[in-house]
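Below is one structure, written out as structure tokens, with a few remarks after it.
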Protein chains: 2
Amino acid sequence: MPLTPDEAARTPRGEETRARILAAALGLFRAQGYDATTMRAVAEAAGVSLGNAYYYFASKEHLLHGFYAQSHADHLEAARPVLARERDFRARLRGVLLAKLDTSEPYHRFAQLLFGAAADPESPLNPFHAMSADVRRQAVALMADVLAGAKAKVPADLAARLPELLWIYEMGIILFWVHDASPGRARSRVLVDRTTELVARLVKLASNPLLAPLRKAIVRTLDDVARDPSAAAEPPPGGEPAGRRPVQG
Amino acid sequence: MPLTPDEAARTPRGEETRARILAAALGLFRAQGYDATTMRAVAEAAGVSLGNAYYYFASKEHLLHGFYAQSHADHLEAARPVLARERDFRARLRGVLLAKLDTSEPYHRFAQLLFGAAADPESPLNPFHAMSADVRRQAVALMADVLAGAKAKVPADLAARLPELLWIYEMGIILFWVHDASPGRARSRVLVDRTTELVARLVKLASNPLLAPLRKAIVRTLDDVARDPSAAAEPPPGGEPAGRRPVQG
DNA sequence: GTCTATAACCGGATAGAC
DNA sequence: GTCTATCCGGTTATAGAC
């Protein structure tokens, strides 16, 4: 049973075929959405057989994985100038989030689906899931950068957790954006505008000695809880379980 | 084209058949999960034909709708004693959330799927979606009750928004719970324990005059944003669109 | 209006030959 | 690595019975 060469040895030709399939899929997803795009259409557009498409991507969902990577790369690129220019925490945060919305806009319809898959813990696409740990780490790292490059003073205990908190906040923004039907997603941009200011004020408040007890309580809770919330059952060493996702979809 | 009698005229016999199908589905979902449960199996377990099952439930997803209703009814029931007994805000909130976890526990595996569907704005199951507005309203109403029955003093502007905020908080708890693989979902219970205390402290702080400007800014943002975040395109009056969910799934 | 039975369509996924 | 053939299950359609 030759499994798909997900991260495994890749020949140059295989690599090219794989890329062609992914590109075809992303193009169709963007043009028609996810459901309307059949694996058969993807295969045809890529000029390969249906079976061959499945050789490279174990399921239709796995094709979405390529989207995450692409999306984050685009985001990094768009955020670069902001991070280079701004030193104010709020300005950095705001710029990075708006960059996220900008780069995601062409995929708005499609992103809804992503969020659906992302909420399913069994899905390999779930950002909490081990397989996507990489994507999540990178997103958190970006928030760490937002913070590190700012002149804001943040208590050490909070600073350790803040990037993760900001990432969760970013997820919330994206969730709103996904549901946002306003023209040009204007309301999402307003939301970023408003809430980044609030976040900045809260972070500033966190240094207030009067609020130290509360801050410490919050950080302690985070510490206790942050031990990988998705520490799900390890996959049995040396092989896939008998059926993949045997129970839930 | 006779459509399914969703809210429409129901004869007693039809009502009974409908209930039998739903019960069969919920049982199978709970026992085997969603994917593993075929519509054919549901029909067989309910003692009806496949066609008949589709006569009552337009799609497999629609069966999930029954779950929301059942789940909330169970929650209300379990929360009743707590709400009758406790007057302390934090105790009420904690009791209600733990009741939610308790009543949801048998459906833990299955609930993951629900969350997947819930994140999809096109899905009729999405709690933000109009079709489920009812379910959401009820959940928010429960939180309003948590607040109203408590002796806590909350500034009026915040009090108006707090039930919704608490509901979002509840959603976050559920999201964590869905991903919680600890035995007996112990970590989720700890999370409720810890965070309800933090929430109570925050609510108490909200009355502090020193923090009034921040509170007002937050409430104003909420007011501006709360104008139905999912005000998606109205469905064309007088009929279903040509294809349902033509683009996204 | 409620229901059965059956056949068919469609698309995701798999098996096994080349 | 790639293909063709096939399976499986959600969904639809039809035709008719109570």
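Every value quoted in this text rests on a predicted model; they were computed, and no experiment measured them. Just so we're on the same page: letters track the sequence lines, and every chain starts at 1.
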B:Arg40 (side chain) and D:dT11 (base): donor-acceptor pair under 3.5 Å = yes

Polar side-chain atom of B:Ser104 near backbone of B:Leu101 as donor-acceptor pair, under 3.5 Å = no

query = Between D:dG9, C:dA13, D:dG1, which nucleotide gets closest to the side-chain atoms of A:Ser59?
reply = C:dA13

ask   = To the nearest Å, how far apart are B:Asn52 CG and D:dA17 C1'?
value = 13 Å

query = Taking only side-chain nitrogens and oxygens of A:Tyr56, does any of them come within less than 4.0 Å of OP1 or OP2 of D:dT2?
reply = yes

ask   = Is a side-chain N or O of B:Lys100 found less than 3.5 angstrom from the main chain of B:Glu170, in a donor-acceptor match?
value = no

message = For a quick check under 3.5 Å, do A:Ser59 and A:Tyr54 share a side-chain donor-acceptor pair by atom type?
response = no

request  = Measure the distance from OH on A:Tyr54 to C1' on C:dA13 and round it to the nearest whole Å.
outcome  = 5 Å

task = Can you figure out which of C:dG12, C:dT2, C:dA13 approaches the side chain of A:Met39 most closely?
result = C:dG12

key: Rounded interatomic separation in angstrom, taking CD from A:Glu44 and C1' from D:dT2   = 16 Å

query = For the pair made of CZ in B:Arg18 and P in C:dG1, what is the distance, rounded to whole Å?
reply = 15 Å

ask   = Whole Å only: how far is the NZ atom of A:Lys60 from the P atom of C:dT14?
value = 15 Å

key: Donor-acceptor contact below 3.5 Å, side chain B:Arg185 vs main chain B:Asp180   = yes

ask   = Counting just side-chain N and O atoms, does A:Thr11 come under 4.0 Å of either OP1 or OP2 of D:dG1?
value = yes

No-H, no-angle donor-acceptor pair, A:Arg13 side chain to D:dG1 base, under 3.5 Å = no

request  = Please report, rounded to the nearest Å, how far the C1' atom of C:dC3 is from the CD1 atom of B:Ile21.
outcome  = 10 Å

Presence of B:Tyr55 side-chain N/O under 4.0 Å of C:dC3 phosphate oxygens OP1/OP2 = no

ask   = Whole Å only: how far is the CZ atom of A:Phe57 from the C1' atom of C:dT14?
value = 18 Å

request  = Please work out whether the ring planes of A:His108 and A:Trp177 are parallel, tilted or perpendicular, with thresholds of 30° and 60°.
outcome  = perpendicular

request  = For the side chain of A:Leu50, starting at C-beta, report the closest nucleotide among C:dT4, D:dG10, C:dA13.
outcome  = C:dA13

query = When the distance from CG of B:Leu63 to P of D:dG10 is rounded to whole Å, what number comes out?
reply = 11 Å

message = I want to check one thing: is the phosphate of D:dT2, taken as OP1 and OP2, less than 4.0 Å away from some side-chain N or O of A:Thr17?
response = yes

request  = Give one of base, sugar-phosphate or nothing for A:Ser49, where a contact means two heavy atoms less than 4.0 Å apart.
outcome  = base

